[in-house]
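Quick one: structure below, then a few questions.
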Amino acid sequence: MTSASGGADMVDWNLAVATATRLVRPGPEVSRAEAAAVVAELRRHALAAEEHVREFTGMRSSSLADAAATPVLIVDRPGWVRANVAGFRTVVQPLVDKLQARRGGGSASAVFGAVGEKATGIEVGALLAFLSTKVLGQYETFAPAEPSLEAPDSPAALFDKPRLGPEGPGPGRLLLVAPNIVHVERELDVDPADFRLWVCLHEETHRTQFTAVPWLRDHIQSEVQSFLAETDVDPGALLERLRDAAGSLGAGLPGLGGGRGDNAPSAGLLEAVQSPAQREILGRLTAVMSLLEGHADVVMDGVGPAVVPSVAEIREKFQQRRDRGANRLDLVLRRLLGMDAKLRQYQDGAVFVRGVVERVGMEGFNRVWTSPNTLPTKEEIHDPAAWVARVAR
C-alpha cells in the first residue's frame with residue numbers, strides 16, 4: 001500500500017492513468033485542422049456562454065479573481081482521466097488516512113494488502129477508461145490547486161494537459177471533452193456550432209454556480225468528507241453489504257432475475273454498501289446535485305432560443321438519446337455505478353427549478369443560493385411548492 005509517489009495510498013494513481021490511457025477507445029476521426037478548429041470554437045463558446053448565463057440567471061461571480069481562478073480546459077479523453085485522478089486523490093485522502101490507521105489491525109490490513117495498490121490502480125483505470133467516453137463536460141469541484149496544467153508534450157499540442165497533483169484542493173476548473181462532443185453531435189446529426197455552444201451553456205452554468213456562491217464548494221466538500229468519515233472499513237461488515245448489494249442489483253437488471261421490470265428503481269453499487277448514516281448524507285448530497293444539474297439544464301434551454309437557433313431540435317434528439325440508453329453492457333455498468341441516478345438528477349432537478357421559477361420568478365428562485373439552510377431537501381426536490389412555502393415566501 002505504498003504509492004508510486006512514496007506515500008501511503010490505496011491506489012497507484014500513475015498506474016490508473018496509464019491503464020485508462022491504454023484502454024480508452026479512440027475518439028471520432030478528424031483531421032488535425034478539424035481538431036484545432038473544434039478546440040478554438042469551444043474556447044470561444046465557453047467565453048461567450050459565461051455572459052449568457054450570468055444575464056439569464058442574474059448570478060454574478062463574487063469577484064473577478066474568483067472567476068479567473070477557475071480555468072476552462074479543453075481536453076481529450078486521456079486529459080479527462082488525468083484531471084479526475086487529480087480530483088480523486090484530493091477527495092479520498094480522509095479514507096486513505098482511516099485505512100492506514102487500521103493497517104496494524106490484522107484482517108483489514110490483510111484484505112487491502114492482498115488487493116494491493118497496483119491491482120486497485122488497474123481497476124480504477126479501467127473504470128475511468130469507460131467513463132471518459134461518456135462525459136461531454138464537467139465542472140471539477142475538487143480540482144487540485146494551481147498550477148493546474150503541465151507543459152504540453154509538444155509546442156503543437158492541441159489539448160490542455162491537467163496535472164496529476166497531488167497539490168491541495170483548489171477553486172475548481174471546467175473541463176470540455178472535445179472528442180466526446182464531436183462524437184455526440186455527429187451521432188445526433190445536429191448543427192455542430194449550435195451543439196457546442198449548447199453544451200458550453202450547461203457547463204458554464206456549473207462554473208457560475210460555484211463562483212457566484214462562495215460557500216457552495218465548502219458545503220459540498222464538507223458533506224463528502226462526512227460521508228467518507230462514516231465509511232466502515234471492517235471487512236466483515238463490508239462483505240455482508242456487498243452480498244446484499246449483489247442480490248439487489250441482480251434483481252434490478254432486466255434478464256438477471258428477480259422479476260423486476262426495466263423501470264424498477266435500483267440502487268447503485270456504492271449506494272447499496274452504505275451505512276444508514278451515509279444514506280442520510282447521500283440524501284442531502286443527492287438533493288444538492290439534483291438542484292445543480294437541473295438548474296444547468298433549465299439555463300441551457302432558457303438561453304438557447306436567443307443564441308442557439310436549433311435548440312429545440314438539439315434538446316429533442318438529446319433527450320431521446322438519454323431515454324434510449326445504450327447497449328446491454330452499458331446498461332449493466334450504468335446501474336452498477338449509479339449512473340441511472342445521475343440521469344434522474346437532471347430530470348428531477350429541472351422539474352424543481354421550473355416549478356419554483358413559475359411560482360416566484362428567477363429572483364425568488366435565487367434565494368436557494370443564500371445558505372445551506374435554503375437548499376432544497378430531498379423531499380422538496382419533488383415538491384417545489386414545499387420549498388417555496390419554506391423559503392421563498
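Fair warning: this is a prediction, and the values are worked out from it, not measured in the lab.
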>> Check whether Thr374 reaches the backbone of Val368 with its side chain - one donor and one acceptor, N or O, closer than 3.5 Å.
In response: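 Confirmed, Thr374 side chain pairs with Val368 backbone.
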
> Can a salt bridge be assigned to the pair Glu203 and Arg207 using a cut-off of 4.0 Å between side-chain N and carboxylate O?
Replying inline: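 Salt bridge absent between Glu203 and Arg207.
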
> Can you find a pair of side-chain heavy atoms, one from Ile381 and one from Thr286, that are under 4.5 Å apart?
Replying inline: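 With C-beta onward as the side chain, the pair stays apart.
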
>> Under a 3.5 Å distance rule, please check whether Arg367 uses its side chain to pair with a backbone N or O of Glu363 as donor and acceptor.
In response: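 Flag not set: sc Arg367 to bb Glu363 has no pair under 3.5 Å.
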
>> Using side-chain heavy atoms (C-beta onward) and a distance below 4.5 Å, is Arg43 in contact with Val72?
In response: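 SC-SC contact between Arg43 and Val72 ruled out.
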
> Under the side-chain contact (heavy atoms from CB on, under 4.5 Å) criterion, do Leu174 and Glu140 qualify, and how do the steps go?
Replying inline: CA-CA 6 Å; Leu174 180 62; Glu140 196 187 1; over 6 Å; no

>> Donor-acceptor pair, distance only, cut-off 3.5 Å: does the side chain of Arg77 make one with the backbone of Arg25?
In response: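 Between the backbone of Arg25 and the side chain of Arg77 there is a qualifying donor-acceptor contact (under 3.5 Å).
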
>> Hydrophobic clustering (ILVMFWY, side-chain heavy atoms < 4.5 Å, transitive) - are Phe56 and Val311 grouped together?
In response: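 Val311 and Phe56: one cluster.
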
>> Tell me whether Met289 shares a hydrophobic cluster with Leu216, the cluster being built from Ile, Leu, Val, Met, Phe, Trp, Tyr side chains joined at under 4.5 Å.
In response: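 In one cluster: yes.
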
>> Holding to side chain to side chain contact (heavy atoms under 4.5 Å, CB included), I want the full list of residues that pass it with Thr19, two or more places apart in sequence or in another chain.
In response: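 Side chain to side chain contact (heavy atoms under 4.5 Å, CB included) list for Thr19, sorted by chain: Leu15, Arg22, Leu23, Ile122.
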
> Got Phe210 and Leu292 here, is their nearest side-chain heavy-atom distance under 4.5 Å?
Replying inline: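 Side chain of Phe210 against side chain of Leu292, heavy atoms only: contact under 4.5 Å found.
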
> What pair of heavy atoms forms the shortest contact from Pro179 to Gly27, and how long is it?
Replying inline: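 That closest heavy-atom pairing would be CB-CA, 4.3 Å.
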
>> Donor-acceptor check, side chain of Asp76 to backbone of Val177, threshold 3.5 angstrom: yes or no?
In response: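 No: the side chain of Asp76 does not pair with the backbone of Val177.
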
> side chain to side chain contact (heavy atoms under 4.5 Å, CB included) with Leu136: which residues, sequence neighbours excluded?
Replying inline: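 Partners of Leu136 under the side chain to side chain contact (heavy atoms under 4.5 Å, CB included) test: Asn180, Ile181, Val184, Phe195, Val199, Phe318.
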
> Within the distance-only criterion (no hydrogens, no angle test), does the side chain of Lys118 pair as donor or acceptor with the backbone N or O of Asp12 below 3.5 angstrom?
Replying inline: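 Checking the backbone N and O of Asp12 against the side chain of Lys118, no donor-acceptor pair under 3.5 Å is found.
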
> With Ser310, which residues qualify under side-chain hydrogen bond (donor to acceptor under 3.5 Å, both in side chains), at least two apart?
Replying inline: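 Result, side-chain hydrogen bond (donor to acceptor under 3.5 Å, both in side chains) vs Ser310: Asp194.
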
> Considering residues, nucleotides and ligands other than Glu51, do more than 12 of their heavy atoms fall under 6.0 Å from its CD?
Replying inline: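 Yes, enclosed.
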
> Do you know which two heavy atoms are closest between Glu41 and Ala193, and how far apart they sit?
Replying inline: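 Distance-wise, the nearest heavy atoms are OE2-CB, 3.3 Å.
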
> Is the backbone N or O of Leu188 less than 3.5 Å from a side-chain atom of Lys317, with the two atoms forming a donor-acceptor pair by type?
Replying inline: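 Judged by distance alone, yes, a pair lies under 3.5 Å.
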
> For the side chain of Arg217 and the backbone of Thr141, is there at least one donor-acceptor N/O pair under 3.5 Å apart?
Replying inline: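 Yes.
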
> Quick one: are Ser290 and Phe352 in side-chain contact, heavy atoms under 4.5 Å?
Replying inline: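 SC-SC contact between Ser290 and Phe352 ruled out.
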
> Taking atom OG of Ser132 and atom CZ of Arg82, what is their separation to the nearest 0.5 Å?
Replying inline: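 Reported to 0.5 Å precision, the distance equals 13.5 Å.
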
>> Could you go through Val75 and Leu176, starting from their C-alpha distance and side-chain angles, then the distance that decides it, and tell me whether this counts as side-chain contact (heavy atoms from CB on, under 4.5 Å)?
In response: CA-CA 6 Å; Val75 298; Leu176 296 170; over 6 Å; no

> If you take all heavy atoms of Ala287 and Pro376, which pair is closest and at what distance?
Replying inline: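 The answer is CB-O, 3.4 Å.
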
>> Does this structure show an ion pair linking Arg284 with Glu280, if we count only N-O contacts that are shorter than 4.0 Å?
In response: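 Salt bridge present between Arg284 and Glu280.
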
>> Counting only heavy atoms not in Glu55 (residues, nucleotides, ligands), do more than 12 fall under 6.0 Å from its CD?
In response: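 Open.
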
>> Return the CG to CG distance between Leu197 and Leu42, rounded to the nearest 0.5 Å.
In response: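 Separation between the atoms: 10.0 Å.
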
>> As a quick check of understanding, evaluate side-chain contact (heavy atoms from CB on, under 4.5 Å) for Met59 and Val213, giving each step before the final call.
In response: CA-CA 9 Å; Met59 300 173 68; Val213 186; 3.9 Å; yes

>> Hydrophobic cluster membership, with links at side-chain heavy-atom distances under 4.5 Å among I/L/V/M/F/W/Y: are Leu285 and Leu375 in one?
In response: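 Looking at the clustering, Leu375 is in the same group as Leu285.
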
>> Quick check against the 3.5 Å criterion: does Asp160 have a side-chain atom that pairs as donor or acceptor with the backbone of Ile74?
In response: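 Judged by distance alone, yes, a pair lies under 3.5 Å.
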
> Ignoring hydrogens and geometry, is there a side-chain-to-backbone donor-acceptor pair from Thr21 to Ala18 under 3.5 Å?
Replying inline: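 Looks like no, no N/O pair under 3.5 Å.
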
> Which heavy-atom pair separates Pro384 from His382 by the least distance, and what is that distance?
Replying inline: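 Here Pro384 and His382 meet closest at CD-C, 3.8 Å.
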
>> Show every salt bridge (charged side-chain N to carboxylate O under 4.0 Å, His left out) that has at least one partner inside residues 379-390, sequence neighbours left out.
In response: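 Listed by first then second residue: Glu380-Arg390.
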
> If you group Ile, Leu, Val, Met, Phe, Trp and Tyr by side-chain heavy-atom gaps below 4.5 Å, do Val24 and Val182 land in one group?
Replying inline: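 Different clusters: Val24 never reaches Val182 through Ile, Leu, Val, Met, Phe, Trp or Tyr contacts under 4.5 Å.
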
> From Arg60 CZ over to Arg54 CZ, what is the distance, rounded to the nearest 0.5 angstrom?
Replying inline: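 One gets 6.0 Å once the value is rounded to the nearest 0.5 Å.
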
> Hey, does Val38 have a side-chain heavy atom less than 4.5 Å from the side chain of Val30?
Replying inline: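 Val30 vs Val38: side chains apart.
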
>> Do Trp369 and Val53 sit in one hydrophobic cluster, given that two such residues count as connected whenever their side-chain heavy atoms are within less than 4.5 Å of each other, even indirectly?
In response: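 Shared cluster, yes.
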
>> Rounded to the nearest 0.5 Å, what separates atom SG in Cys200 from atom NE2 in His52?
In response: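 That separation rounds to 10.5 Å.
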
> Just checking, is any N or O donor in the side chain of Thr120 or Glu123 under 3.5 Å from an acceptor N or O on the other one?
Replying inline: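 The criterion, which ignores hydrogens and geometry beyond distance, is not satisfied for Glu123 and Thr120.
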
Would you be so kind as to tabulate the donor-acceptor pairs closer than 3.5 Å made by side chains of residues 294-306, with sequence neighbours excluded?
from, atom 1, to, atom 2, distance (Å)
His295, ND1, Gln209, NE2, 2.9
Asp297, OD1, His202, ND1, 3.2
Asp297, OD2, Arg322, NH1, 3.2
Asp301, OD1, Trp198, NE1, 3.2
Asp301, OD1, Arg315, NE, 3.4
Asp301, OD2, Arg315, NE, 2.8
Asp301, OD2, Arg315, NH2, 3.1

> Given the rule in the side chain to side chain donor-acceptor pair (under 3.5 Å) test, do Gln138 and His206 qualify, once you have shown the distances and angles that lead to the verdict?
Replying inline: CA-CA 8 Å; Gln138 170 189 354; His206 288 317; over 6 Å; no

> Which residues pass the side-chain hydrogen bond (donor to acceptor under 3.5 Å, both in side chains) test with Thr208, sequence neighbours left out?
Replying inline: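 Only Glu204 meet the side-chain hydrogen bond (donor to acceptor under 3.5 Å, both in side chains) criterion with Thr208.
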
> Once you round to the nearest 0.5 Å, how far does CH2 of Trp80 lie from CG of Leu175?
Replying inline: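 Here the interatomic distance stands at 9.0 Å.
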
> Could you go step by step and tell me if Ser222 and Gln225 meet the side chain to side chain donor-acceptor pair (under 3.5 Å) rule?
Replying inline: CA-CA 5 Å; Ser222 174; Gln225 300 301 343; over 6 Å; no

>> Checking Leu131 against Val81 for the side-chain contact (heavy atoms from CB on, under 4.5 Å) test, could you report, in this order, the C-alpha distance in whole Å, the side-chain angles of both residues, the deciding distance, and whether it holds?
In response: CA-CA 9 Å; Leu131 294 176; Val81 168; over 6 Å; no

